[in-house]
There are 2 protein chains.
Amino acid sequence: MSNAPAAAQALAVLQLLARHAEPMPAAAIARDLGLARSSTYHLLNVLRDAGFVSHLGDDQRWGLGVAAFELGSAYSRQAPLQRISRPVLSRLVDRTTHNAHLVVLHGRDVLYVIEERAQGRPSLVTDVGVRLPAQLTASGLAILAVLPPQQVRALFASRDDFVQRHGRGPTSLTALRSELSQVRTRGYAIEQDSVTPGLASVGAAALDHNGLPAAGIAVTYPYERVAPAEREEVVDAVRRAAADLSRRLGHR
Amino acid sequence: MSNAPAAAQALAVLQLLARHAEPMPAAAIARDLGLARSSTYHLLNVLRDAGFVSHLGDDQRWGLGVAAFELGSAYSRQAPLQRISRPVLSRLVDRTTHNAHLVVLHGRDVLYVIEERAQGRPSLVTDVGVRLPAQLTASGLAILAVLPPQQVRALFASRDDFVQRHGRGPTSLTALRSELSQVRTRGYAIEQDSVTPGLASVGAAALDHNGLPAAGIAVTYPYERVAPAEREEVVDAVRRAAADLSRRLGHR
DNA sequence: TCCGCCTGTCTCGGATGCGAGACACGGCGG
DNA sequence: CCGCCGTGTCTCGCATCCGAGACAGGCGGA
């Protein structure tokens, strides 16, 4: 049984600050987490001393500190999947000239773990570290399509598990299954306007040595400005990248 | 006086794991941090439950978890400097067709906070979140060159403060001052082979509303393959990017 | 100007977190 | 096969951490 409440509280503070777009007052942190105000200050001072939190004295607010950034960067450098995937993604971007990203499945969400901008494309509004519902993204659909069906059913056990975005996305397990069946037939997943209006994505899954999806890889493009022939090339490139990554992950 | 030792210990565990390239056994974590073994397990279990650490059961080792990545990503999305700098860097990469990066000064080191790859260039070996001695990097030299001289002296108070890499870099305050003087005269900083053999960098500082350096911005290129005319264009682009970022930061 | 509210720091006694150590299990080498 | 060593989990008594609350200072509104 874990027995270090102060440690857990410190992590809860970090995760609360991560969820807030702006720095927070200490009293709000204490209230939101149900901590004693004096304990909150103790925790914040420990976090500040280690650099995980910084105190914006003028505003009397507390925000994440640079050590949080360094910790996340260390994870990115260490994580085998990210290390292996980076060159694959770079080649995909160079080949398609569109932005590309890599996701992993976490619960019913996908987590964006790498994003790379293509030359001349908009500066990335950093989506790395962001979670989105898997069924609303091409990369997520590609992953779900190769999951065992009972696992998909377990993930989406009730209607409450379905969320929409911009009025799009499946609203039942039957609808989701139908869509996943199309993904499998087609060999790749597509998504349009669900994440960002005006943008479409083509996604495919990368499998590990057990034949299970380790990641989803996708390219995003403005669909009104990409001709069908170019789109076919994007599809081809995405599928090749997914196959390349699968091989690197020991698949088959 | 901060008073939550378990919180501090949890953070120390995270920072230890961040410094290690590979996951570690619990006993090594306990030994390295001088913690009781049983307490170490408590801490690791708290960290694991929150997702900051993952346990690799097959190997009986503990490594950073995905929540560390999410925390670092949240910082990057929130940090004003990073948000403001990203489009500037993207334009610099597109214009020069070489990899570029942004650093901030931390103590005597620079911390790499953004790196962006250019099309056709090598996949980035992620240097984001890495620290290097400021005096060995073009971006760091550019920052030091516009720091008040007494601050430079305070940073490099003794000969022990000077480190070299690949046999390069200043070894005394006098040598450093001479180099900074050249940077100021030239208007930009250059570095060659100090960080990575075969690569050179051109760097310039971005100033904030107080006229102090908020960041260093640099482009890295293989110097044997870049003609003098192209190098002049790189210099021009870096200086323009630094000036653009300075304006965005409220300078002048 | 005064008062109320918020921030940050500190006190101190009792509840609880910490750590020394025990136990069970698995793997490896002699 | 057996013993040793390392891993992970658990116990329990005492030292110390936690939290209720006090205090000081700053700010804004009436």
Side-chain angles (χ1 to χ4, degrees), chain A residues 1-68 78 80, chain B residues 1-68 78 80:
Chain A
M1 186 54 210
S2 51
N3 183 22
Q9 287 159 13
L11 301 177
V13 170
L14 289 176
Q15 289 180 320
L16 178 66
L17 291 177
R19 290 199 295 274
H20 273 250
E22 303 293 331
M24 299 176 70
I29 296 169
R31 191 194 62 230
D32 285 2
L33 296 179
L35 301 176
R37 203 164 65 81
S38 62
S39 297
T40 304
Y41 279 100
H42 285 310
L43 290 171
L44 287 168
N45 286 330
V46 167
L47 288 161
R48 186 202 59 213
D49 291 346
F52 280 90
V53 158
S54 59
H55 184 227
L56 316 177
D58 293 345
D59 299 326
Q60 295 176 331
R61 288 169 186 261
W62 301 76
L64 289 176
V66 74
Q78 292 171 7
Chain B
M1 186 57 208
S2 52
N3 185 23
Q9 286 159 11
L11 301 178
V13 169
L14 290 175
Q15 288 180 318
L16 178 66
L17 292 177
R19 289 198 298 273
H20 274 250
E22 302 292 332
M24 298 177 69
I29 296 168
R31 191 195 63 229
D32 285 1
L33 296 179
L35 301 176
R37 204 162 67 81
S38 61
S39 296
T40 303
Y41 279 99
H42 285 310
L43 290 171
L44 286 169
N45 286 329
V46 167
L47 288 161
R48 186 202 60 214
D49 291 346
F52 280 91
V53 157
S54 59
H55 183 227
L56 316 177
D58 294 344
D59 299 328
Q60 296 177 331
R61 287 169 186 263
W62 302 75
L64 290 176
V66 74
Q78 291 171 9

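Lettering follows sequence order; numbering is per chain, from 1.
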(message) Judged by each residue's nearest nucleotide on DNA chain C, which is more toward the 5′ side, A:G57 or A:P5?
(response) A:G57
(message) If we check side chain to side chain contact (heavy atoms under 4.5 Å, CB included) with A:P23, which of these qualifies: A:D59, A:L56, A:L64, A:V53?
(response) A:L56
(request) Please test A:L17 against A:I29 for side-chain contact (heavy atoms from CB on, under 4.5 Å), starting from the C-alpha separation and ending with a verdict. (result) CA-CA 8 Å; A:L17 291 177; A:I29 296 169; 4.0 Å; yes
(request) Name the closest nucleotide to the B:A27 side chain, picking from D:dC18, D:dT7, D:dT9. (result) D:dT7
(message) Which nucleotide wins on minimum distance to the side chain of B:R37, given the candidates C:dA22, C:dC18, C:dG8?
(response) C:dA22
(request) Give the rounded distance in Å between these two atoms: CG of B:D58 and C1' of D:dG8. (result) 15 Å
(request) Report the distance from atom CG of A:L33 to atom P of D:dC18, rounded to the nearest whole Å. (result) 15 Å
(message) Counting C-beta onward and ignoring hydrogens, is there a side-chain heavy-atom pair between A:Q15 and B:F52 closer than 4.5 Å?
(response) yes
(request) Compare side-chain N and O positions of A:W62 against OP1 and OP2 of C:dT7 and report whether any pair is under 4.0 Å apart. (result) no
(message) C:dG19, OP1 or OP2 - any side-chain N/O from B:S39 closer than 4.0 Å?
(response) yes
(message) Using heavy-atom distances to pick each residue's nearest nucleotide on DNA chain D, tell me which of B:L56 and A:A6 is more 5'.
(response) B:L56
(message) Go nucleotide by nucleotide along DNA chain C from the 5' end; which of A:S38 and A:Q60 gets its closest nucleotide reached first?
(response) A:Q60
(message) Tell me the interatomic distance from A:H42, atom NE2, to C:dG8, atom P, rounded to whole angstroms.
(response) 14 Å
(message) OP1 or OP2 of D:dG8 versus the side-chain N and O atoms of B:H55: is any pair under 4.0 Å?
(response) yes
(message) Using every non-hydrogen atom in the two residues, find where A:L11 and B:A50 come nearest and quote the distance to one decimal.
(response) CD1-CB, 3.9 Å
(request) Check the distance between C:dT7's C1' and A:L43's CG and give it to me in whole angstrom. (result) 17 Å
(message) Check whether B:Q78 reaches the backbone of A:H20 with its side chain - one donor and one acceptor, N or O, closer than 3.5 Å.
(response) yes
(request) Check whether any side-chain nitrogen or oxygen of A:N45 sits under 4.0 Å from OP1 or OP2 of C:dG8, and answer yes or no. (result) no
(message) Measure CG/B:L35 against P/C:dG17 and give the value in whole Å, please.
(response) 17 Å
(message) Which nucleotide wins on minimum distance to the side chain of A:A26, given the candidates C:dG8, D:dT7, C:dG19?
(response) C:dG8
(message) Just the rounded figure in Å: distance from P of C:dC6 to CG of A:L44.
(response) 18 Å
(message) Measuring to OP1 and OP2 of D:dT9, would you say a side-chain N or O of B:Y41 lies under 4.0 angstrom away?
(response) no
